[in-house]
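Here the structure comes first, spelled out in structure tokens, and everything after it is commentary.
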Amino acid sequence: MASSRTSWADVADAEPAPPPPVTTTAPAAALAPAASNGPARSSYVPPHLRNRSSSAAPPPSSSAGILSRPGAGPSTFGSAAGGGGPGPGTFGGGGRPRGGPRSWDREPDPFANSDPPLPPAGATAPDGTPFEDHQNTGINFDAYEDIPVETSGREVPPPVATFAEIDLGEALNENIRRCRYVRPTPVQRHAIPISLAGRDLMACAQTGSGKTAAFCFPIISGIMRGPPAGRPQRGGGMGMRTAYPSALILSPTRELSMQIHEEARKFSYQTGVRVVVAYGGAPITQQLRDLERGVDILVATPGRLVDLLERARVSLQSIRYLALDEADRMLDMGFEPQVRRIVEQMDMPPPGVRQTLLFSATFPKEIQRMASDFLENYIFLAVGRVGSSTELIVQRIEFVQEADKRSHLMDLLHAQRDTGKQTLTLVFVETKRGADSLESWLCMNGFPATSIHGDRNQQEREYALRSFKSGQTPILVATDVAARGLDIPHVAHVVNFDLPNDIDDYVHRIGRTGRAGKSGLATAFFNDNNSSLAKSLAELMQESNQEVPAWLSRYAARPSYGGGGRNRRSGGGNRFGGRDFRNDSSSFGKGGSRGGGDYYGGSSSGGYGGSSSYGGGGYGGAGAPSAWD
DNA sequence: TCAGTGA
């Protein structure tokens, strides 16, 4: 992926991995990191980067995909594939010697993070905690134990307690070790056995609870032990240069796809499984080259994938695994037509033939109903209170009129600055214009800020994210493009400068903090414009043991004058669709035609009131410590 | 309405 000066945590994570081939061949010229092509505001050098003469910081202009597998020259893929070989496109890895180290000894080490200089000993992360505390091993796994779990569907495979119990294969186990994952998170404990059993899955788990690994591990493992490759049907071939991935992972934003790709590459290291990412806004040529060199797992955003499909550079006929991350978003109004086109109107095998895995932290019932079109005899899994947030995130709601928002934000930032701690603050706004204007206003007022939104070009977006993660620009103003999935360690404070219209978006936004078992703070500015959100907001806060201001309760009690339309989700108790819609007597989705009723009754472990079948009951302080998304 | 996703 884009070589990035990633987060501090990433640096820490990379440390123990195989002796990083630290090629610190930085010419002195590369030292002025920000000076070359990047956006102007870059003369500021964060403390931990100062006085480092040997840093190999890449020019910030480095575009996506520049990490072009150095030295992976004409590998066995290139020749096998391009050489006018047998049938149409064997790029899927047809003749690839899987697992043979032979073709892989030049695979770049995804655990090596050569660009960010290692912090000096005793360095501290922006929140002031020592580096060592930011490793995954520092997570309080015990807090996971009491998480409520609900499963429903037929013959649900039992969960596992350790990675060792699962036969993922030696290479994958080694990568898990390299990632320092000691024990599976709750969603992983349940989802991995289900997926390995070949079952379709709809999984809800809190933000940052390890969902990416939960769907990546079974996919990688399945590809490794599966048939040699997606051998396209004879005659079904699209052309010499068509790629035939075995797995497709879709996500709603480019940056999230990049992140999934980076993680999947770590998990796939030296397994022979090739992961390629494709998203818009970046030159397509590098992505095409990557595809030509062979792809088993394709991570993509919908728009670019449609482009590739139209060009016949990708065929989905060999797909064995389909995963939708942020699945509820992928199936909502904006994305649904495109996703339906990809999944239903191209050459992808139908449900029951392929395996389909849907993951999100939120899953409204109406979306569940729609999603069942993509699934067959699936298992519904809910880990933690679905759609709720961690109790580790302290939520504050303040009544602030529109006109006062800026000065109020300034107060917050000053207070934070006065603590002396260096922290990252993520500020969400409603519109792209609003993001631009707030960013420049902050900068004018002495707070180094940058912004990310859909009107910025991809280089600017990636640069902004890197600059934020590195602490160079400790304030990031963002639209909802940054609301979901992005794992940005050390975000201590999320400010909802403008509240979203949808409570689910709020859940995802505040989920950018309070990760890795650490606490986080989320402050929201509420005023009359947000009255339609009052009820769901108050309920959410109550569920997460937050203090609900009296004035907000009064708002919530008011009959919402908009007709109350948009946010009701499922009314009553479980607003967030924490239960399988198939168990809802009032829900007649497609499930009806599949048997409905007791057909699915199987092994539901009951509602949230009671204890779960695994892990014991009660919520008591059991907010899901988050480690990864 | 807004946000996101291809040129």
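Chain identifiers are assigned alphabetically (A, B, ...) following the order of the sequence lines, protein sequences preceding nucleic acid strands; residue numbering begins at 1 within each chain.
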Open item on the list: Rounded to whole Å, please give me the gap between CG in A:Leu250 and P in B:dG4.
Closed with: 19 Å
Open item on the list: Taking any heavy-atom pair under 4.0 Å as a contact, classify A:Arg461: base, sugar-phosphate, or nothing.
Closed with: sugar-phosphate
Open item on the list: Less than 6.0 angstrom separating the ring centers of A:Phe267 and A:Phe217, yes or no?
Closed with: yes
- [ ] Using atom types as modelled and distance alone, determine if a side-chain donor or acceptor of A:Thr242 lies under 3.5 Å from a backbone N or O of A:Ala312.
- [x] yes
Open item on the list: I want to verify a distance call: between B:dC2, B:dG6, B:dT5, whose nearest atom is closest to the A:Asp307 side chain?
Closed with: B:dG6
- [ ] Rounded to the nearest angstrom, tell me the gap between atom CZ in A:Arg509 and atom P in B:dA3.
- [x] 11 Å
Open item on the list: Distance check needed: B:dG6 C1' versus A:Arg311 CZ, whole Å only.
Closed with: 9 Å
- [ ] Would you mind reading off the distance between A:Leu486 atom CG and B:dG4 atom P, rounded to a whole angstrom?
- [x] 12 Å
TODO: Hey, which sits more toward the 5' end of DNA chain B by its nearest nucleotide, A:Thr301 or A:Glu430?
DONE: A:Glu430
- [ ] Using whole Å, report how far CG of A:Asp480 lies from C1' of B:dC2.
- [x] 9 Å
- [ ] Please determine if a side-chain N or O atom of A:Arg329 lies less than 4.0 Å away from the OP1 or OP2 oxygen of B:dA3.
- [x] no
Open item on the list: Just the rounded figure in Å: distance from P of B:dG4 to CG of A:Asp325.
Closed with: 18 Å
Task: Spacing between A:Asn501 atom CG and B:dG4 atom P, to the nearest angstrom - done: 14 Å
TODO: Give the nucleotide from the list B:dG6, B:dT1, B:dA3 with an atom nearest to the side chain of A:Glu310.
DONE: B:dG6
- [ ] Give, for atom CG of A:Leu465 and atom CG of A:Leu486, the distance between the pair rounded to the nearest 0.5 Å.
- [x] 6.0 Å
TODO: Could you check how far CG of A:Leu499 sits from C1' of B:dC2, rounded to whole Å?
DONE: 14 Å
- [ ] Answer yes or no: is there an ion pair linking A:Arg484 with A:Asp328, defined by an N-O contact shorter than 4.0 Å?
- [x] yes
Open item on the list: I want to check one thing: is the phosphate of B:dG4, taken as OP1 and OP2, less than 4.0 Å away from some side-chain N or O of A:Thr479?
Closed with: yes
Open item on the list: With a 4.0 Å limit, can you tell me whether A:Arg433 has a side-chain N or O closer than that to the phosphate oxygens OP1/OP2 of B:dA3?
Closed with: no
TODO: Determine whether the aromatic ring centres of A:Phe363 and A:Phe380 lie less than 6.0 Å apart.
DONE: no
Open item on the list: Counting the atoms with a prime plus P, OP1 and OP2 as sugar-phosphate, which does A:Gly334 contact under 4.0 Å by heavy atoms, base, sugar-phosphate, or nothing?
Closed with: base
